[in-house]
Amino acid sequence: MSEAANTTYAADYAWLPGGVVRDVRIRVADGRFEFVLAGAPAEPGDERLPGIVLAGFANTHSHAFHRALRGRTHDGGGTFWTWRERMYDVAVRLDPAAYLALARATYAEMALAGITCVGEFHYLHHAPGGARYADPNEMGRALVAAAAEAGIRITLLDTCYLTGGLDAFGHKSLGEEQLRFSDGSAAAWAQRVAQLGDLGAHARAGAAIHSVRAVPRDQLATVVAADASWPLHLHLSEQRTENEQCRDAYGVSPTRLVADAGVLGPRTTAVHATHLSAADIALLGGAHASISMCPTTERDLADGIGPARALADAAAPIVLGSDQHAVIDLFEEARGLEMDERLASGQRGRFSPAELMAALTDAGHAALGWPDAGRLEVGARADLVAVRLDSVRTAGIDPIQVALAATAADVDTVIVEGRVVVRGGRHVLGDVAGQLATAIVALVRP
Ligand SMILES: [Zn+2]
C-alpha cells in the first residue's frame with residue numbers, strides 16, 4: 001500500500017454535494033480534502049483523473065465468506081433456506097487464516113468496485129463446534145486485518161446470534177453448524193465485544209442483531225445497550241416466513257418487536273426490510289433508521305422487492321449492500337434499487353440520480369458510523385472514485401446518469417483517505433482474481 005501523499009487532482013467532472021460540476025481541482029492533505037474547487041481547470045503539477053470523480057462508496061452489508069458461494073449456488077431450485085445449507089458447508093471450513101485470505105481478496109474486489117468502506121456483518125465468531133479461540137475475537141480481527149491489507153475501512157458489525165430459529169413454540173436450539181456463531185447469551189456476547197478494543201484508524205466496531213429468529217426478545221436490550229456510540233444493524237423481514245414465525249411466537253411483526261425492545265433509532269440500520277406493513281414502514285421512518293437494500297442478493301434468493309420508496313418517503317435513509325456477493329458492483333445495486341421499484345410500481349424515476357448517489361456514498365458511510373466520509377468537500381475523509389466515461393458502457397453518456405450506465409469495470413482510480421488503492425483499474429495487491437481463486441478453492445467441495 002502506498003503511503004498517503006499530499007496531492008492535487010484534476011478531473012473534467014466531479015459529483016460534489018450540490019451535484020455534478022465541470023473542471024474540478026481537489027487537494028488531498030493528510031488524508032482529508034484540503035480544497036475542492038469547481039470551474040478550475042487543471043494546473044501544472046496536478047495529477048489528472050479520468051472521467052467523473054465520485055465520493056467513495058459504502059458497502060453497508062457484507063458477509064465476506066459468502067464470496068466463496070458465487071457461481072456455485074444460483075442454479076436449480078430451492079429457496080433461501082436450501083441456499084443457507086450450502087452456505088453452512090463453507091462456514092464450517094473457515095479458520096482465522098482461511099478467513100483472512102478470503103476476506104482480503106473479497107475486500108480487494110470491493111476496492112476495485114469503488115468501495116472505500118465495508119460493513120461486515122460478522123457472526124462466524126468461534127471454532128467449529130463452538131470452542132473459543134485463544135483470543136475470542138480472533139475471527140473478527142482477521143476481518144479487520146483483511147480490510148487494512150485491502151486498503152479500505154471496515155465497520156466490524158459484531159453480530160449476536162443465539163438461537164437456531166423461531167416458530168410458534170418459541171426459539172429453537174442451535175444446529176450443529178450454528179454452534180460457532182453463538183456466545184450463549186447476549187451478556188456473554190457483550191462481554192466478548194467489550195474486549196475488541198481499538199481496532200486501528202481504518203476500523204471501528206458496531207453491534208448487530210442477527211435477526212428476530214436468532215436473538216430472543218428478552219436478549220435484545222442487552223445488545224442495544226452494549227455501546228450507544230456504535231452503529232446497530234439487524235436483518236429484518238427478509239422472508240415472509242420470518243414474519244409468520246414472529247407473529248406465531250410473539251403476536252407482532254418483527255419490526256414491532258424490535259421497536260418495542262428499543263432497537264430502532266438513528267444509529268440503526270435494518271437490512272432488507274422486504275416484507276413490511278404500512279405500520280412497520282412508519283415505525284422505521286419515525287425512528288430515522290437506515291435501510292440497507294441488497295437488490296442483487298434479494299433477487300438471487302427470491303426474497304421479494306422491499307418498499308424502498310415508501311421507506312425513503314417516511315424519512316428512512318436508503319443505503320446499499322452486496323450482502324452475499326453474487327455480484328460486487330454497487331452501481332448494479334443502485335440500479336437494482338431503482339429498477340425493482342419500476343417493476344413493482346409501474347412507474348419510472350422512483351429514485352433520482354442524486355438519491356442513488358447519496359445511497360452509494362454519504363448515507364452509506366453514515367450508516368456505518370463514518371459521518372465525515374462519503375462527500376467531496378473540504379475536511380471530509382479523502383476518499384474518491386474516478387469512473388471512466390470512455391468505456392464501451394459509458395462513452396457518450398450524460399455524467400449525471402453515471403450510476404445508471406457504469407459498472408464496477410469502469411472504476412479506474414480509488415483513493416482511500418489519501419492512499420491510492422486502485423490505479424488504472426488495478427489493485428495495489430496485484431492479481432486479485434488469482435487471490436480469490438486460491439482462497440475459494442481451499443474452501444469449497446470439489
Ligand atoms: Zn445478510
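Note that the structure is predicted; figures quoted are calculated from it, not measured. Every number for a ligand or one of its atoms is a count from 1 in the order of the listing.
Inclusion of His272 in the first shell of the Zn ion (ligand 1) is not supported: no N, O or S atom falls under 2.8 Å. The Zn ion (ligand 1) does not have Cys294 among its coordinating residues (no N/O/S atom, backbone or side chain, under 2.8 Å).
Ion pairing between a basic and an acidic side chain is recognised when a charged N comes within 4.0 Å of a carboxylate O; Asp412 and Arg388 show such pairing. Ion pairing of Arg350 with Glu338 is absent here, as no side-chain N (NZ or NE/NH1/NH2) approaches a carboxylate O to less than 4.0 Å. A salt bridge between Glu109 and Arg70 is present, with a side-chain N of the basic residue lying under 4.0 Å from a carboxylate O of the acidic one.
Here His61 contributes NE2 and His235 contributes NE2, and at the Zn ion (ligand 1) these two atoms make an angle of 90°, given to 10°.
Aromatic ring centres of His63 and His325: separated by at least 6.0 Å.
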